[in-house]
Enquirer: 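Let me begin by handing over the structure; questions about it come next.
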Amino acid sequence: MTPIITPELVRQHGLSEEEFERIKALLGREPNFTELGVFSVMWSEHCSYKNTRRELRKFPTTGSRVLVKAGEENAGVIDIGDGWAVAFKMESHNHPSAVEPFQGAATGVGGIIRDIFTMGARPVFLMNSLRFGPIHGDNDAARKNRKLVRGVVAGIAHYGNCIGVPTIGGEISFDDSYNGNPLVNVLCLGVLKKAEIARGAASGVGNAVFYVGSETGRDGLAGAAFASRDLTEESKADRPAVQVGDPFRGKLLLEACLELLQSGAVAGIQDMGAAGLTCSTCETASRGGTGVQIDLALVPKRETGMSPYEILLSESQERMLIIVRSGEEERVKEVFEKWDLPYAKVGIVTEDGFMRVLNDGSAEVEIPAKQLADDAPVYEREVAIPAAPETIAVSDLAFHDPKDSLIKLLAHPTVASKNWVFRQYDHTVRAGAVVPPGSDAAVFYVREADKFLAATTDCNHLYCRLDPREGAKIAVAEAARNLTCSGAIPLAVTDNLNFGNPYRPENFWQLREAVEGLAEACRRFETPVTGGNVSLYNESPQGTIDPTPTVGMIGLIEDERWTTRQYFQIQGDVIFLIGGVGDEIGGSLYLKTIYGKKAGLPPRLNFDRELAVQKFLRGLIRKGVVKSAHDCSEGGLAVALAECCMSGAEKIGAQIRLSGMSGSSSLANQRLDVSLFNESQSRIVVSVPSQESELVHQDAAQAGIELIRLGSVGGSELTIESSDGTLSWPLDQLHEAWYSSIALALSQQDL
Amino acid sequence: MVSAVKLEVVVMPKRNVLDPQGVAVRNAVRELGLSNVGTVRVGKIIEIEFTGEPDEAKLDEICRDLLSNQVIEDYRILGAVLK
Amino acid sequence: MKIAVVRFPGSNCDQDCLRALTDGLGVKAEYVWHKETSIAGFDAVILPGGFSYGDYLRCGAIAAFSPVMQSVIKAANSGMPVFGICNGFQILCETGLLRGALIRNRSLLFLCQPVCLKLENNRTPFTRLSDEGAIFRMPIAHGEGAYYADEQTLEELEEGGQVVFRYVNEDGQPTSEANPNGSRNNIAGICNPAGNVLGLMPHPDRSWDHRLGSEDGLQLFKSLVETLLSVAA
């Protein structure tokens, strides 16, 4: 029995009255129940970007290397030279992971991998950007967060390790605002020949439409609509909606699809992600300017008695839709039988522009595909500027012993070593991880193309909370800086916008500010946005998350010898700080960790200065004089120095003199904690052989870059001398605080 | 004298939830010559021994929260075996 | 001379193994699909790592029944060098070509990290170019890599010189801390009594190129190639 369409039912499908009117006008009649379901997923925020589309248009999307632009296909593609290209994209699986962390994260990985091989690219690495609530402490929230972390990490490992795509890095931050609403943003990059980009268009009227991959079950029904709602207590009751990932089938599907694509039989290919069969049929038709007709009787099913509504909205994993050139259908049979995967010809490409779904011989769904896919309403949401954050005067902050502060900062899980996490990810498969997880950027050698790529994900949520525009700019700047530190030139960006309910004007203001900040920064760094994802409604009963516009950036290291690591290498090397000591304490991790304040004006980004600093560092790296380079971010200079000492395989100390430095006139009047822990931007710690230090000075003077000689590498302590005396930390003590913090929290039994 | 009680908790993937392991095993069974194999599902059995009768409500809670994942699994407790 | 790299559904180190041989050593190597019933024309077989059949049921259990494995078992029994790496080692144990089993890591977590190995038997086709006592650096990447065998089997393996590689610390000592997964007797790799079948959990296929931080793994492939060439000569 199909339900009768009532205003209540329409509302339950997340469609407004105006939207329902629009549907009726578009169809020239009332939709039936199945069609209502189809519209509800296609016009959800997740699929249609109806609330954000206007904002997203502000991103720069073109550039000399861009081969496939943002929004054109499943993922953007950029040229890396010599006939090779990379497809890459970041996507979120926040809501599914909140409800079932293991499967939520696993299917997130599976989904982004499919997006990449849909482009004809072989996936070569994964990264992820994760956000959780605090994991330390003996309280319910911390226990829940620990379970979420364990589940998400295990889920990422489960899928990524099994399918054989290395997870080579990323970032993890912890903050109260993510209590109960973790962020799981996964990035995948694949490599392909420039001439072999696959398209997701249903081209060629009369071509066969094939369904390949796992059978359809009642998995994740209406997941796209699910991802577009607030997380409430009731969403726990939605649990059966969570899909189960099968990385084994995913691997077979990956190999089979790449093999079929190589054969030339494929006219179009599209993965079945959010909204499964619905999305893939109408989007391929819309892109091809054609129609697609499928027959539900022909769809491989895992369960009996599934209704058309259920089949069309199912989000069963590991499925693809393939448009096959006429005369080439036998190739599909050969390849998919070889890989032991289900396949079925389920329909044909038509010329009438309709998405038509047959059930028992009659049309169950008949909707103009282009309007369904592309004509979702677009809204201009209301904005309201929230109250300005509390300002901070250093003089109001009681002085806290920096010796203790550094230990506390290193033990803060946002800063602390992520070894407990990264060692669960296979990062060595595909034999390409040149710089493994734990450096500013991961560096991967793509053997197929003989290219060295660097990749990073970045976003400081504290800055974005206090000033979303500046925070977003800094996210881009920091990503570019991390790539520069690794020896790369930044090429392009994928972004994942994680925000709250867009119907709250303050939330939408944050989103708009952040998008404009990202857009401006991407223009300045000449790194076009090639795609990404928007995740709204990131709220839990405790409130909205801090705005988190995560930036994933890809860079190219043009010469293997330029590959640079973040940690000190050789005793006796001279340590320089590029970019000055700084003084901005607002929005810092120091304020949050020591004083419990998420407050103040976050650091300002000066584009010209940032660009000059990065250019200067790239120049030094190319001259072969830089032994290590690490930027100052959370925790400022002191944390950066400690990380330089400890993040390599072998610990190595440093002797630093902050007093009597040249080029630091303001320092005399500045409190030591401010000098050590401020987060002013555009600052990089480098080490160089002592005989090269003159050259570094000369180049800096020539480029007009502020350069401070901090001291030298060596010993078994980190020592910082200043006019206030000498601070000294045995490396073992720093290491213990930094290395074990996360592992200790997560190894405890939580029952 | 307290008698010992042995229980078996059977944890199985929920009916409507995909069981990738079951699918892989089914295909292997078929390959090895049992062509009439239908559905295969793989779960686990957890044996628990008690001295004396366990608190049923507590046991049920533990089965629900710890031994199974209610998102994707069902459980049942097989009758007490007196030793 | 031609070396087979078997591809099972779910193998994911097949490409790495092939490249180690072709790019690393310039020798001829080809994939052999698991549905093949013959390995005629090949002089040695590599069973690569990965998650054959998703590691469902037990790691390597379903792959052990693949059509190709029947001919690999026959070839192994008649002396052909067979090298199982990671999942390949698990498959060799499931087929019975090697004794024991690989069970879940002591920590219950998947572990991807570099380890040190000590070579204890250089009389196999895969180790003849190195000295006993030599230390190799390679990564492990497994969730079920703890070697297990009962006391009697362990004793026989030890006495028969079938323990080829052991997890050790930087000083070459097989300490508990140097044992990443809880393997009995710190065993990382064993061979059959004849020495022509080797199973190893760590990955030589990920340590054959200077870019990867270690080239130690190449030594095993080099030994194999040299063995095959000397047999041919």
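Below, read A as the first sequence line, B as the second, and so on, with proteins coming before strands; counting in each chain starts at 1.
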Enquirer: Heavy-atom pairs under 4.5 Å with chain A: which of C:Leu111, C:Asn87, C:Ile140, C:Asn12 has the most?
Expert: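 Looking at each option in turn, the highest pair count goes to C:Asn12.
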
Enquirer: Checking an interface table here. Which of residues 35-45 of chain C come within a heavy-atom distance under 4.5 Å of chain A?
Expert: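 Listed by number: C:Lys35.
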
Enquirer: Checking C:Gln219 against C:Trp208: is there a side-chain donor and acceptor pair closer than 3.5 Å?
Expert: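 Not at all, the side chains of C:Trp208 and C:Gln219 share no donor-acceptor pair under 3.5 Å.
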
Enquirer: Go through the atoms of A:Tyr425 and report whether side chain, backbone, both or neither lie under 4.5 Å from a heavy atom of chain C.
Expert: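 Interface part for A:Tyr425: backbone (N, CA, C, O).
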
Enquirer: Assess the side chains of C:Thr127 and C:Thr124: does a donor N or O sit below 3.5 Å from an acceptor N or O?
Expert: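 C:Thr127 vs C:Thr124: donor-acceptor pair found between side chains.
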
Enquirer: Angle class for the C:Phe221/C:Phe83 ring planes (parallel below 30°, perpendicular above 60°, tilted otherwise)?
Expert: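 Taking C:Phe83 first and then C:Phe221, their aromatic rings sit tilted (interplane angle of 30° to 60°).
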
Enquirer: Does any backbone or side-chain atom of A:Arg150 lie under 4.5 Å from a heavy atom of chain C? Answer side chain, backbone, both or neither.
Expert: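 Neither part.
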
Enquirer: Which residues pass the side chain to side chain donor-acceptor pair (under 3.5 Å) test with C:Ser183, sequence neighbours left out?
Expert: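 Side chain to side chain donor-acceptor pair (under 3.5 Å) check on C:Ser183 returns C:Asn181.
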
Enquirer: Would the A:Phe102 and A:His158 ring centres measure less than 6.0 Å apart?
Expert: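 Yes, ring centres under 6.0 Å apart.
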
Enquirer: Over 60° means perpendicular and under 30° means parallel, so tell me whether C:Tyr53 and A:Phe248 are parallel, tilted or perpendicular.
Expert: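 Rings of C:Tyr53 and A:Phe248: tilted, 30 to 60°.
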
Enquirer: Do C:Arg104 side-chain atoms and C:Leu108 backbone N/O form a donor-acceptor pair below 3.5 Å?
Expert: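 Yes, because the side chain of C:Arg104 sits within donor-acceptor range (under 3.5 Å) of the backbone of C:Leu108.
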
Enquirer: After noting the C-alpha distance and the side-chain angles of C:Lys118 and C:Phe136, does the key distance pass the side-chain contact (heavy atoms from CB on, under 4.5 Å) rule?
Expert: CA-CA 6 Å; C:Lys118 185 158 93 178; C:Phe136 287 68; over 6 Å; no

Enquirer: Picking from A:Pro247, A:Gly164, A:Ala431, which has the most non-hydrogen pairs under 4.5 angstrom with chain C?
Expert: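 With the most close heavy-atom pairs to chain C, the winner is A:Ala431.
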
Enquirer: Ring of C:Tyr147, cation from C:Arg184 - is the NZ or CZ under 6.0 Å from the centre and inside 45° of the axis?
Expert: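 That pair does not qualify as a cation-pi contact.
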
Enquirer: Under 4.5 Å heavy-atom distance to chain A, tell me which part of C:Pro9 shows up: side chain, backbone, both or neither.
Expert: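 Contact with chain A involves both backbone and side-chain atoms of C:Pro9.
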
Enquirer: Top residue by heavy-atom pair count (under 4.5 Å) with chain C, among A:Leu254, A:Val429, A:Val435, A:Ile163?
Expert: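 Among the listed options, the one with the most contacts to chain C is A:Val429.
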
Enquirer: With only heavy atoms counted, which part of C:Ser107 is less than 4.5 Å from chain A, the side chain, the backbone, both or neither?
Expert: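 No part of C:Ser107 comes within 4.5 Å of chain A.
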
Enquirer: Between A:Asn419, A:Val153, A:Asp340, which has the largest tally of heavy atom pairs under 4.5 Å with chain C?
Expert: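 Maximum pair count with chain C is reached by A:Asp340.
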
Enquirer: Report yes or no: is the cationic atom of A:Lys451 (NZ for Lys, CZ for Arg) closer than 6.0 Å to the six-membered ring centre of A:Trp84, at no more than 45° off its axis?
Expert: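 No; the conditions do not both hold, so A:Lys451 does not lie above the ring face of A:Trp84.
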
Enquirer: Do you know which of C:Asp55, C:Leu212, C:Asp205 has the most heavy-atom pairs under 4.5 Å to chain A?
Expert: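 Highest number of heavy-atom pairs under 4.5 Å: C:Leu212.
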
Enquirer: Can you say whether A:Arg249 sits under 4.5 Å from chain C via the side chain, the backbone, both, or neither, judging by heavy atoms?
Expert: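 Nothing of A:Arg249, per the 4.5 Å heavy-atom cut-off to chain C.
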
Enquirer: What's the verdict on side-chain contact (heavy atoms from CB on, under 4.5 Å) for A:Ile168 and A:Phe422, showing C-alpha distance, side-chain angles and the deciding distance?
Expert: CA-CA 8 Å; A:Ile168 60 165; A:Phe422 288 139; over 6 Å; no

